[in-house]
Amino acid sequence: SGPTWRAWAVTVLAAVVLTVMLYVRYGREPKPLFQAQYLRDLPQPHLPPALAAFIWNMGSVGSDEVTATLLDLVNRKVIDLERITVVEDGLFKDREKVTYKLTLHDERLDGLLGYERQLCTFLFHQTAGGDELVLSELKDIAKKERTTFAKGFQTWKGKVGKEGEKRGYLDPKADRMAFIASACAFVAIVAAGAAGVFSGSWWFFLGIPVGVVLIFVARAVKRRSPEAAELHAQYAALERYLKDFGRLDEKPPDAVALWE
């Protein structure tokens, strides 16, 4: 009937408007006080790299942060890093390859954060079966045990996320609003389909792809806390400094002193 499809049409419009309003209100970053173009020093020298990445990537971490965490643990003397040469079987003759051996100091695990301790336990104790790990061998193990590695990696990401949330780096209210925005987007999809059925007009079905787009908009309804926004601005200035004046990407892993 006419009133029914009109009600569904109004619901679609209301859901769209509310989702956009939530994005505008809670999807924008707090304005940082730091406005400089460059920064030469680390904003928080003792902030672990995985948490710095958590701030930088709005709550997301990946495999690069695993490497950064290991190098940070090398810098903190929890792990020893040694460049070694291994012999690999070649098609016609054996060949030498440079790789790295990591040695874990188990007695220093107690002072680590939960995700750092989990990473060491997973890579050394569970994967390598001891306190030594050769990177070239780790790659082969990872290929053979993809499921185990994927599970360990997801566990590690979850622990980093919990630590970041514990420190308040993301605005928890924005996270709740993102859930509401997703619900609004879902309502818009259902309402668009219902309006199309009751009205007999196919035009209303165009609201379904609009609702799908709104779901992605809803996922963007997040923002850093004021403290994290300030750190993000400082890290951005540091990145500009390194890009314009440094060549850190050309340094080998054992040049870890550059992170100090």
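Taking every heavy atom of both residues into account, Gly161 and Phe54 meet most closely at CA-CE1, 3.7 Å. Across all their heavy atoms, Leu238 and Pro43 have their closest contact at CD2-CD, 4.3 Å. Annotation for Pro32 and Glu230: closest pair CA-OE1, 3.4 Å, computed over non-hydrogen atoms. Scanning both residues, Val61 and Lys157, for their nearest heavy atoms gives O-CE, 3.3 Å. In this structure, Cys120 and Ile79 approach most closely via the heavy-atom pair SG-CD1, 4.4 Å. For the pair Trp156 and Gly62, the tightest heavy-atom approach, listed with the atom from each and the gap, is CZ3-O, 3.8 Å.
Phe124 contributes atom CZ, which lies 9.0 Å from atom CG of Asp106 (distance to the nearest 0.5 angstrom). A distance of 10.0 Å separates CG of Leu51 from CD of Gln44, quoted to the nearest 0.5 Å. If you take CD on Gln234 and CG on Leu33, they are separated by 9.5 Å, rounding to the nearest 0.5 Å. Rounding to the nearest 0.5 Å gives a distance of 12.0 Å between CD of Glu65 and CG of Leu119. With values rounded to the nearest 0.5 angstrom, Leu112 atom CG is found 5.5 Å from Arg76 atom CZ. Atom OG1 of Thr121 sits about 11.5 Å away from atom CD of Glu116, to the nearest 0.5 Å.
Of the possible donor and acceptor atoms, none in the side chain of Glu165 sits under 3.5 Å from a partner among the backbone N and O of Leu170. A donor-acceptor contact shorter than 3.5 Å is absent between the side chain of Glu227 and the backbone of Arg224. The main-chain N or O of Phe122 is found under 3.5 Å from a side-chain atom of Thr127 such that the two form a donor-acceptor pair. A donor-acceptor pair under 3.5 Å links the side-chain atoms of Ser225 to the main chain of Gly168, judged by distance alone. Not one N or O on the side chain of Arg223 forms a donor-acceptor pair closer than 3.5 Å with the backbone of Asp171.
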Task: Steps toward side chain to side chain contact (heavy atoms under 4.5 Å, CB included) verdict (Leu123, Leu70) - done: CA-CA 10 Å; Leu123 291 180; Leu70 290 174; 4.0 Å; yes
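Using a 4.0 Å cut-off between a side-chain N of Lys or Arg and a carboxylate O of Asp or Glu, Lys159 and Glu163 do not qualify as a salt bridge.
In this structure, Glu82 and Glu132 have side chains that are not in contact, with every pair of non-hydrogen atoms separated by 4.5 Å or more. You'll find the side chain of Asp80 reaches within 4.5 Å of the side chain of His105, heavy atoms only. With a 4.5 Å cut-off on side-chain heavy atoms, His125 and Leu104 count as touching. Put simply, the side chain of Tyr100 does not reach to within 4.5 Å of the side chain of Leu133, judged on heavy atoms. Side-chain contact between Leu138 and Leu102 is absent, with no heavy-atom pair separated by less than 4.5 Å.
Within 6.0 Å of CD on Glu96 lie no more than 12 heavy atoms contributed by other residues, nucleotides or ligands. Within 6.0 Å of CZ in Phe186 there are 12 or fewer heavy atoms belonging to other residues, nucleotides or ligands.
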